Structures are given as structure tokens and as C-alpha cells.
Amino acid sequence: MHKPESQGQPLAPAASLNSSNVDTPPPKFFKPAFLGIIAVALIYIATQLFADLSQIPQMALFSFALLAVALIIALGFEFVNGFHDTANAVATVIYTNAMPAHVAVMWAGLFNFLGVLFASGAVAYGILALLPVELILNVSSGAGFAMVFALLIAAITWNLGTWYFGIPASSSHTMVGSIIGVGLMNQLLNSAHGTSGVDIEQVIKVGKALLFSPMIGFVFAAVVFLLLKFIFKKRLELFKPPVGNEPPPLGIRAMLIFTCTGVSFAHGSNDGQKGMGLIMLILIGIAPLAYSLNKTLDASQVQSFVVVSEQAAQVLAPKASSMTETAARATLTHYIQDRQVNADVMPAVAVLSQHISEEVATYKNLNNVPANAVATLRNDMYLSSAALKRLDKDKAMPTLAESDSKVVESYRKGLDQVTQYIPTWVKVAVALALGLGTMVGWKRIVVTVGERIGKSHMTYGQGMAAELVAMTTIGIADRLGMPVSTTHVLNSAVAGTMAANKSGLQWSTIRTILSAWVLTLPATVALSGGLYWLFLRFV
């Protein structure tokens with residue numbers, strides 16, 4: 001990647017594009033408040049973590065040190081994600097003077113924090129489904145730890161590199177590329193054993209997003225900007241650069257702040273969950289007795305799960321099967337690896353469902369599950385849930401009566417409720433890392449978006465059009481399950497408004513950004529795959 005200037009400075013700006021708002025010094029309370037938030041949050045996180053660990057046999061010093069390092073690296077990814085991606089949300093409000101720079105950054109950090117806290121957790125565990133199944137089932141092994149460290153370090157390295165050069169790049173695609181790299185290397189190293197590798201469907205989805213996200217942002221923002229220009233043709237001040245630090249008219253200012261808030265909240269609720277999922281994988285691998293199963297469920301919830309598990313077994317395989325639990329696990333593992341449906345898959349799910357029901361009924365409460373049975377029980381639940389989701393996705397589920405379909409769906413949700421548990425302190429830790437990252441390293445990316453894409457200063461109308469398109473596109477994409485990048489959409493939207501306004505584009509910057517976007521997947525694939533191979537040499 002070409003380095004635009006010495007000393008790691010971002011791409012050189014045109015002097016006429018500079019905004020004094022960017023260089024406004026932080027308020028006096030900023031640093032004390034920043035340090036105070038960190039201190040309070042760390043005390044809370046440490047207290048909760050030690051409370052959880054106190055319920056299990058004392059961990060070895062090495063395991064505790066490994067847990068600390070892993071958590072620091074995972075939270076480091078979210079911290080970098082915060083100042084890398086969320087800067088896109090505040091660039092327009094800063095360069096249109098809708099909010100003072102540090103107020104905008106703190107505002108975005110707050111709503112990133114809230115987005116994480118109110119996240120459902122579905123995306124957190126969804127990202128884990130992209131990893132090789134045998135590594136998830138054996139995450140406490142050396143290969144499992146090598147996988148987690150490789151993909152996290154690769155993602156952090158690429159994000160820091162692009163941030164250092166002031167280049168907006170997608171953290172989502174960085175993480176997906178890192179996962180693909182681990183999967184590819186895992187497959188190459190174990191091809192003779194039939195291990196799983198890359199989810200081709202996901203690769204295609206990401207490839208489409210890389211191709212279409214910039215087009216969507218560019219075209220729609222240009223159209224929206226031209227519509228605004230037509231509707232408000234008598235409000236010429238909306239389409240002129242701000243004068244000094246003069247804020248936009250009240251209505252436009254409110255809309256810019258609203259869209260900035262929406263993009264920040266959506267970023268927290270979606271991107272923050274990736275860190276949650278990886279942290280839970282770390283906790284399950286190092287402290288399985290504390291985090292493998294959701295021990296907050298009460299006796300009535302556990303009993304309901306037992307009943308629905310047994311009912312699901314009867315629905316999925318009305319006739320008793322002679323298949324053993326060991327054979328059922330092998331069948332479902334191979335199905336998740338190669339996605340080839342055969343006659344044994346449904347009986348295997350039924351056998352494990354019956355086994356899970358009997359096991360949980362014996363213990364009556366998840367706190368009573370013995371240490372030597374925790375990992376097996378959780379893996380059985382994970383295999384059953386993953387197999388049912390894959391069957392549904394492949395449209396390979398047998399035709400069932402409506403009442404039977406509801407039973408199977410209740411069983412799958414019950415499995416997720418038991419295994420996809422995220423403690424509040426994990427949400428707080430990720431929210432803190434993401435929010436603080438937003439408040440620390442925002443400036444490089446903000447300056448690139450605000451000064452180095454177009455040849456003229458961003459107007460109020462351009463800022464509003466770009467943010468409206470970004471917020472709407474992200475919202476629709478989340479509902480449709482499409483992997484659209486916030487970074488790609490917003491930066492392209494800014495470029496689209498510049499083109500529609502005939503402001504001109506700084507093509508050297510555009511080429512650099514596009515090069516980084518194109519290189520994200522191959523670079524992170526190679527980096528994470530290489531690190532995974534290297535770490536395996538030491539475990």
C-alpha cells in the first residue's frame with residue numbers, strides 16, 4: 001500500500017477544505033470524564049468476572065494469564081473498530097458544523113455504547129457459524145486458541161494499518177476475511193481428514209457487498225442530493241459551504257444529528273456483536289464451567305426445555321432409531337462441514353435431541369451439570385442447533401404440520417437460549433471498548449471523509465443526503481441480512497453528493513480508498529491464514 005506522506009500522515013488535504021471545527025480543543029471535562037468512565041467500567045468488569053470464576057474450581061495461573069491476554073486482544077479489536085468505523089458517522093456533522101467535533105465524537109461514542117448494550121446477541125453467535133465446526137467444538141484445544149488469536153490479530157493489524165494512512169476500510173469485511181483465512185488454512189492443513197474450510201456462500205455475499213455497496217452509496221446519495229436541491233431550490237444557503245463555524249439551519253441540523261445517531265447506534269448493535277461472539281468463544285474455551293451453558297435459567301425454564309426437546313425428537317424421527325449418540329455427533333459434524341444432506345441427518349438430530357432431553361432432565365438445573373459433562377452437553381446442543389439452521393437454510397427440512405413446525409422452532413430457540421448466553425459484563429466491556437475507541441482515534445478517518453474525497457468543502461445538503469442514504473441503507477440491509485459495509489456506503493455517498501454537485505473528486509484519494517477495499521479480503525485472508533499456521537507450530 002502506497003504511503004501518501006512521511007511520518008504516517010493521512011493523504012494531503014487541500015487547504016480550502018480544512019474545517020476549524022476538526023481542530024477545536026476538547027472541553028476541560030473530557031479527559032477526567034474519559035478516565036473516570038474507564039475506571040468505573042474496569043472495576044465493574046473485574047468484579048463480575050471474578051464473581052463468575054469464583055463459582056468454579058480455581059484456574060491455573062497460565063489459564064488465567066491466557067484469559068487476560070485473549071480478552072485484551074479481543075477488546076483491542078473493538079477499540080480499533082470504534083475509532084476506525086464510527087468516524088464515518090461523525091464526519092458529516094463535524095464538517096457541516098452540526099455539532100462541535102468533540103461533542104459529536106462523545107455523542108457517537110455514547111450511542112455506540114447503547115447499541116451494544118441493547119443488541120440481541122444473534123449476530124454475536126452468527127459470526128461464529130463461519131468458523132470451522134471442529135475448531136468451535138474443540139475451542140479449548142491448542143488449535144482453537146490459535147484460531148482465535150490468529151483472526152483477531154490479523155483483523156487488528158489491517159484495521160490499524162488502514163487507519164494509520166487515514167483510509168476508511170470496513171471492519172466487518174476485515175473480520176470476515178480473517179475468518180476465511182483461518183478456514184482456508186485449516187482445510188489445507190487437514191484436507192486428508194475432511195475438515196471444514198470456507199463458507200463459499202458467505203464469501204460470495206461479501207464479494208457482492210464489496211462490489212455493490214459503493215455503487216449503492218454513490219448513486220442513491222447523488223439522487224437524494226439532487227432531490228433535496230430541487231425541493232429546497234429557494235434555500236440556496238443549504239447548498240453552500242458553512243461560513244466559519246456557523247451551524248446549519250435548525251431543521252437540517254436536527255436531521256444531521258438524527259442520522260449520525262442512527263448510524264452510530266446501528267454500528268454498535270451490529271459490529272459490537274462480533275467482539276461479543278469472539279469473547280464468548282474465548283471464555284468457553286478457557287473457563288467452560290462458567291460460560292458454556294446459560295446458568296441464569298430457572299428451574300421452570302429448564303423443565304420447559306426438557307419437554308420441548310423430547311417433543312422435537314418425536315417430531316423429527318417418529319420411529320425409534322438404533323443410531324448411537326457418538327454416530328449422531330459424527331453425522332451432524334460431517335453434515336455441517338460438507339453440507340450434503342443424507343438420510344441419516346434427521347435421525348441424528350432426533351437422537352441428540354432425545355439425549356439432550358434426558359441429560360438435562362437428570363440434572364434438573366444447569367448448575368448441577370458435572371464438570372466432565374459440560375463440554376459434551378454444550379457441543380451436542382451446538383451441533384443440533386447448527387444442523388437445524390443449516391437444514392432450514394438449505395430448504396431440506398421435511399414437510400411438517402404447523403404444530404410440529406412450532407415444536408421444532410421452539411426447540412431450536414431453546415438450544416440457543418441455553419448456549420448463546422452473553423453476560424452483561426461482556427456487553428459492557430465491548431460497549432466500553434467501542435465507545436472509547438470512537439472518542440480517541442476519530443480524527444484521521446474524519447479528515448479523509450470530510451476533506452479528501454471532494455474538491456470543495458462539504459455543504460449542509462451534501463452532509464444530510466450522505467447520512468440519510470447511509471442510515472437507510474444500513475437499516476434495510478440489517479433487516480434483509482445483507483453484509484453491507486457502513487464505511488463503503490457512507491464514503492461512496494459523500495463522493496456521490498460531490499459528483500452530483502459538480503464539486504469534483506480527488507481521484508488520488510478515491511483510488512487509494514478503492515485499493516484498500518479491494519485488498520481487504522485477500523490481505524486479511526493471507527495474514528490470518530499465515531498467523532494460524534505459525535501459532536499452530538507453538539501449540
Side-chain angles (χ1 to χ4, degrees), residues 1 70 73-74 77 81 123-162 169-211 274-275 277-278 281-282 285 332-340 382-383 386-387 389-390 393-394 483 485 515-539:
M1 191 183 300
I73 294 175
F77 167 74
N81 188 1
V123 175
Y125 281 93
I127 194 74
L128 301 185
L130 304 178
L131 296 166
V133 62
E134 62 276 0
L135 293 183
I136 294 178
L137 297 178
N138 298 286
V139 68
S140 58
S141 66
F145 290 128
M147 169 190 70
V148 173
F149 281 111
L151 67 90
L152 279 172
I153 292 173
I156 290 172
T157 301
W158 183 255
N159 272 353
L160 278 176
T162 51
S170 170
S171 291
S172 297
H173 290 144
T174 298
M175 179 56 70
V176 171
S178 299
I179 290 172
I180 291 171
V182 169
L184 270 176
M185 184 57 67
N186 182 64
Q187 194 170 33
L188 289 172
L189 295 176
N190 301 284
S191 56
H193 305 292
T195 56
S196 56
V198 180
D199 187 338
I200 298 299
E201 291 180 11
Q202 186 64 32
V203 175
I204 293 172
K205 275 188 177 182
V206 174
K208 287 180 179 178
L210 283 169
L211 177 64
K274 297 176 179 67
L278 293 170
L281 197 62
I282 292 166
L332 295 187
T333 300
H334 290 146
Y335 169 58
I336 296 168
Q337 287 174 333
D338 58 30
R339 300 176 178 83
Q340 298 297 315
Y382 176 83
L383 283 173
K389 289 173 185 175
R390 173 54 59 181
K393 189 175 183 180
D394 293 340
S485 165
S515 296
W517 291 356
V518 171
L519 289 173
T520 292
L521 278 182
T524 50
V525 165
L527 187 57
S528 66
L531 287 172
Y532 179 58
W533 175 86
L534 178 65
F535 293 160
L536 285 177
R537 308 278 77 81
F538 298 97
V539 297

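Remember, it's a predicted structure, so these values are computed and weren't measured experimentally. We number each residue from 1, following the sequence as shown.
Between the CD1 atom of I156 and the OG1 atom of T174 there is a distance of 11.0 Å, given to the nearest 0.5 Å. Taken to the nearest 0.5 Å, the CG atom of L281 stands 10.0 Å off from the OG atom of S140. To the nearest 0.5 Å, the span separating CH2 on W533 from CG on L189 amounts to 9.0 Å.
No side-chain heavy atom of V133 sits under 4.5 Å from any side-chain heavy atom of L332. At least one side-chain heavy atom of L278 sits under 4.5 Å from a side-chain heavy atom of L151.
Scanning both residues, A386 and I336, for their nearest heavy atoms gives CB-CD1, 3.6 Å. For the residue pair M175 and L152, the shortest heavy atom distance occurs at CE-CD2, 4.3 Å. In plain terms, the two heavy atoms of G177 and L521 that are nearest each other are CA-CD2, 3.6 Å. Residues Q340 and Y335 come closest through the heavy atom pair O-CD1, 3.6 Å. What you find for N159 and S171 is that their closest heavy atoms are ND2-OG, 3.1 Å. Between L131 and M147, the closest heavy-atom pair is CD2-SD, 4.0 Å.
Tested against Y532, the residues I153, L527, V148, L135 include a single side-chain contact (heavy atoms from CB on, under 4.5 Å) partner, L135.
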